[in-house]
Trainee: 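Sending over a structure as structure tokens; questions will come in a sec.
Just so you know, ligand 1 is whichever comes first in the structure, and atom 1 is the first atom listed for that ligand. Positions are given from 1 along the sequence.
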Amino acid sequence: MILPVYLYGQPILRKEAEDVPDNYPNLKELVANMFETMYYAEGVGLAAPQVGLSLRLIVLDGEAVANDFPECKGFKRAMINPEIVEFSEEEISLEEGCLSLPGIHEKVSRASRIRVEYTDENGKHQSEVAEGFAARIVQHECEHLDGQVFIDDIPAIRRQLNKRKLQNIIKGATNCSYKTKSIGK
Ligand SMILES: [Zn+2]
């Protein structure tokens, strides 16, 4: 089932998400719905708060960008209660977007290599190193779980330049090809 994507301005995107409990009902169905929503919206990652759920759960699939970023080949994951436990000192600045901020693309500096620990959809603990754009997707999605979005740390001048776009997103005046939920409508 395709779920509506909550847009910038929705308070849930600013909340620190709760841990997914062990006995969370229909977790597999939720993961499947989040993947379906992400593919429909042509995203490479989606966090549960973006579909209105305050849960520490993300899905990602970098296959769509694997031509440009080979490290994303086969990088399809569902991560339950992910935690990034190591960040490389080296950072790379690249342009990003977000399904909750349609039409906005800004450069963000992020660690080029991370280690993330999480529970997979089969309940197995995983500890994994991700590099390059794969590391970027994980960092972007984990930020959502802490109530942050990727434009929070861009220079003030860049945020100023995006002011009208942001106001339109808050109002729901966007031209999205996917279902959205703004506070405006
Ligand atoms: Zn995002």
Trainee: Indicate the atoms forming the closest heavy-atom contact of L57 with V20, along with that distance.
Mentor: CB-CG2, 4.1 Å

Trainee: Keeping waters out of it, list the protein N, O or S atoms under 2.8 Å from the Zn ion (ligand 1).
Mentor: C98 SG, H140 NE2, H144 NE2

Trainee: Minimum heavy-atom separation for Y178 and L99, please, with both atom names.
Mentor: OH-O, 2.8 Å

Trainee: Pick one: which of E90, E96, E91, E95 meets salt bridge (charged side-chain N to carboxylate O under 4.0 Å, His left out) with R110?
Mentor: E96

Trainee: Would a 4.5 Å heavy-atom cut-off, applied to side chains only, mark M38 and V44 as touching?
Mentor: no

Trainee: Between F35 and K76, is there a cation-pi geometry (under 6.0 Å to ring centre, at most 45° from the normal)?
Mentor: yes

Trainee: Are R159 and D153 close enough for a salt bridge, meaning some N to O gap below 4.0 Å?
Mentor: no

